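Following: one structure in C-alpha cells, then a few remarks.
Heavy atoms only: backbone and side chains are in, while hydrogens, waters and symmetry mates are out. What you are looking at is a predicted structure, and each value in this text was computed from that prediction instead of being measured.
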Amino acid sequence: MAAGVEPADAESDPDPWRPFVDALVRACVDAFAAEKVPATAAEVISQLDLEGGAAWDVALPLHRFAKTCGRKPEELAQALCQRVGEFRWLAGASAVGAYLNFRAEPDWLIGRTLGMVLSRGARYAHTEVSGGAVCVEHTSSNPTGPFHIGRVRNAIIGDTLARVLRAAGSPVTTHYYIDDVGRQAAMITWIWSMPQSGWPEEIRDGVSKAPPRPDAELRPHVRLGRPYPFVSAYLKTHPDAAEAVAELSRRLEAGSAPPEHHALAQQILTGMLGSLERIRIAFDELVWESSFLTDGSVERVIQRLRTAPHAVREENGAWALDTSGYGLPKESSRVIVTRADGTSLYQTRDVAYHLSKFASFPRVIDVLGQDHRLHARTLEAMLAEIGEPRRPEFVIYQYITVPEGGGMSTRRGSAIYLDDLLDEAVERAKKEVLSRHTELVETEVAAIAESVAAGAVRYHIVRVAPDKSVTFRWEDALSFEGRSGPFLQYAYARASSLLRKAGEDSSLQRLGVVKLSHPDELALVQVISRLPRTIAYVARTAHVHTLAGYAHDLAEAFHRFYQSVPVLTAVEERASRLALVTAFRESLGVCLDLLGMDRLERM
RNA sequence: GGGCCCGUAGUAUAGCUUGGAUAUCACAGAGGCCUCCGGAGCCUCGGACCCGGGUUCGAAUCCCGGCGGGCCCGCCA
C-alpha cells in the first residue's frame, strides 16, 4: 500500500478523522433524506460510534432512526447501504444487522495521521488558543506538614487537568490557595512560638514517640509539621489552650499576626511545594487567604451577606444564612457567616476568593476532595444569596484509603507520605536501571530513577476515575509493569532507541509515500489518530483517567508492533516504519507531557 | 437518622454522561516467545456487570427499593 503524506495545514481541528467523519455525516443525511427518513446531522453525529466494531470502522446503529419511521433496522441498514454510495476516503460501507459500518481508506488515514503528527511534532493534538482563560485551583492543602498521598491525588488530578486544558486551547492559570489565617495555621504558630521545652507534656510525648522520621532534619516542613496532630488532639481536652489558639486566630484575622507567623507558614509551604516538584507539579500563583482580609474584600462580602435575603442574626451576635431554600440537607440549612465575636469563617472568606477569581477568569474550576462536597454546595448558595450568577465547576475526587480500612490519618499513623513513597520508588527504579545499564554514570542513573519513580506514582494515582476511592497498596503503587507509568516510559525509550540507531534517516518530514500494511502497523496508526479526540474529551469532562487509559493503549499498540514487525532490518518498508515510530514517539511524548511524566530516551 | 459518591473475573480497573453488535485492560494463575531492533516487553488459555423490581424491541448503562463500603451533616478547614 502506498499513501501520500498529507502535510498538516492551518486547520484548527487536529483530529485526523475530521474530514472523513464530516463527509460521512453528509452522506448519511443525504441517504436518510432519499429514504424519506427524518434525520439531522446532529442526530447522526450523536449516534455515531467512532470506536466502531472492528478497529477501522465507524459504526452507525440504526435502531433509533428505524423506530421513528416504523421500519425494521436491518431493512433500513440494507436500504441505506445502497444509497450511501461513495464519498471521498471511503473504502467501503456495509450493512451488518442493524448497523451501518464505514471503513476509511487505510492509506488515506495513515498518510493524514502521520502527516499531522510529523509536521506538528510536540504540538500534535494541541488546539490553538481559542477558549477563554481558565483558573484551576487544586491541592490547597493547609501548611501543616508533609503531603500524604491522599492529598496528592488532588494535586495530580488538578495538574493533569490543567495541562490537558492548555493542550485543548485554553490559557490556564493554576492556583494553590493557602489558609494562613484559620485555626490550623494558628495551631502551628501557637506551638512553635514557645520553646520545645515549654510544650505541654502530651505534645512533647507524642512527637517523641511518633515513628522516627530520618528526613525530618533534611525537610524542614516535616520537622515543623510533626507536633501538629498532637496539638490538634491536645486542644480538644484543654480549653485554656484552645482559647489561646482562638485568640491567636483573632489576631491573624485582624491583621496583627506575630512576626514569626508568616515565616513559619512560608517555610512549611516551601517544603511541601518541594515535594510536589518531585512529581513535576508547580503552580502559577500562590494565593494567601489573608490577602482577602487585608484588601477588605472579606469585609465587603460580610456586608453583602448580612443584607442578603435570608440573612439571620443569632442571639449571641453571630450572623448566619438560612440556606434551606437551596436544597441542602436540612441539618445544614444554616451556614454561619460571622462568629459571635465578629470574625469570619472559611466559607465566608472563600466567597471573597471566588469573587476575585470570577473577576479575572470566565471559567473557574475547583478540585476538591469528597469531604468538601457539602462545602461546595454551601458556597454556591452563598454566591446565589449575594446575587452572583457565576459558579465554579467542581471536580470532586474520592479518598485514598488504607487496606486496614479508613482514610489516611497522621494521628492514627495510617498516612503514607509522598516523600516516602517516592524514596522507595527511586530505590527500586535504581536497581532496575543498574540491572540493564553498566555504561551510565551515577548521576544519570539517579536522574532516570527519579523520573521513573515520579512517573510511576503519578500514573498509579491518575489512572483511576476520580469518583472511585482507591485502596493504597505498596506493591501496586510500586509496580513497574503492566498498567503503569514505566510501561509508558519504556515504550518511549524503546522507540527512542530505534530512532537513535537508525541515524539520520529518521528525519522523515519530507517522506513522500508511506508503505504500511501489517495489521499491527495499522492498529498503531489508528490509536495515534485517536489522541486529539481523547484530549478534547478530557478537556470537556475532566475525566483525566481517560488520558491515562489512552496512553496505555498507545504504548501497548507500539509494543505489539515492535514485537511483530522489524524496523531497522527492513528493506522496502524501513523508511515508512521509521516514520511510524517517529509519529508514535511524538504522540506518546505528548501523552507523557500531559500526564506530567518525563520523556526518557533510555531507562 | 438525613444527604452525596461508589459496587464489573481471585485482586484491581475501563465502559455508565448520550441504552445498541462477541464488556476493556492489568496483576495473580496455567502454557509459550530473545533467528531482528531494549524481556520494565510479546503471544495463548481460563475467569466478572452486588441483589430485587421497573421502563424499553433492547439495560453494566436509565428509574425505584434493598444490601455493602467511603465521606459529610462544626460559630473547624
Sugar-phosphate only, base, or nothing, as touched by A:Gln370 at under 4.0 Å among non-hydrogen atoms: base

Please report the distance separating the C1' of B:G58 from the corresponding atom of B:G19, rounded so that it comes out in whole Å. 8 Å

Under 4.0 Å, counting only non-hydrogen atoms across every strand here, what does A:Val433 touch: a base, just sugar-phosphate, or nothing? base

Which class fits the ring pair A:Tyr177 and A:Tyr353: parallel under 30°, tilted 30 to 60°, perpendicular over 60°? parallel

Out of B:A77, B:G3, B:G15, which nucleotide sits closest to the side chain of A:Thr546? B:G15

What is the nucleic acid contact for A:Arg602, judged by heavy atoms within less than 4.0 Å: base, sugar-phosphate only, or nothing? base

Give A:Arg540 one of three labels, base, sugar-phosphate or nothing, depending on what nucleic acid heavy atoms sit under 4.0 Å from its own. base

Range-with-range stems of RNA chain B (Watson-Crick or G-U pairs under 3.5 Å, three or more in a row): B:1-7 with B:67-73, B:29-33 with B:41-45, B:50-54 with B:62-66

As a test of reading the structure: which of B:C75, B:C5, B:A77 is closest to the side chain of A:Tyr346, going by heavy atoms? B:A77

Atom-pair distance (CZ on A:Arg64; P on B:C62), nearest Å: 14 Å

Please work out if A:Glu556 contacts a base, only the sugar-phosphate, or nothing of the nucleic acid, heavy-atom cut-off 4.0 Å. sugar-phosphate

Can you tell if the side chain of A:Leu478 reaches within under 4.5 Å of the side chain of A:Glu424, non-hydrogen atoms only? yes

Starting from the 5' end of RNA chain B, give me the residue, A:Gly182 or A:Asp553, whose nearest nucleotide shows up first. A:Asp553

Just checking A:Val567: base, sugar-phosphate only, or nothing, at a heavy-atom cut-off of under 4.0 Å? base

Taking the side chain of A:Tyr490 as heavy atoms from C-beta outward, which of B:A77, B:G39, B:C36 is closest to it? B:G39

Could you check whether A:Val181 gets within reach of a base, just the sugar-phosphate, or nothing at all, counting any heavy atom under 4.0 Å? nothing

Is the phosphate of B:C36, meaning OP1 or OP2, less than 4.0 Å from a side-chain N or O of A:Lys501? no

Remember a base hit wins even if backbone is also touched, and classify A:His372 as base, sugar-phosphate or nothing at under 4.0 Å, heavy atoms. base

Sugar-phosphate, base or nothing in reach of A:Ala493, heavy atoms under 4.0 Å: base

With a 4.0 Å limit, can you tell me whether A:Tyr562 has a side-chain N or O closer than that to the phosphate oxygens OP1/OP2 of B:C37? no

Any base atoms under 4.0 Å from A:Glu43, or only sugar-phosphate, or nothing? Heavy atoms, all strands. nothing

How is A:His63 classified with respect to the nucleic acid when contacts are heavy atoms under 4.0 Å: base, sugar-phosphate, or nothing? base

Considering only heavy side-chain atoms of A:His375, the closest of B:A77, B:C75, B:G41 is B:A77

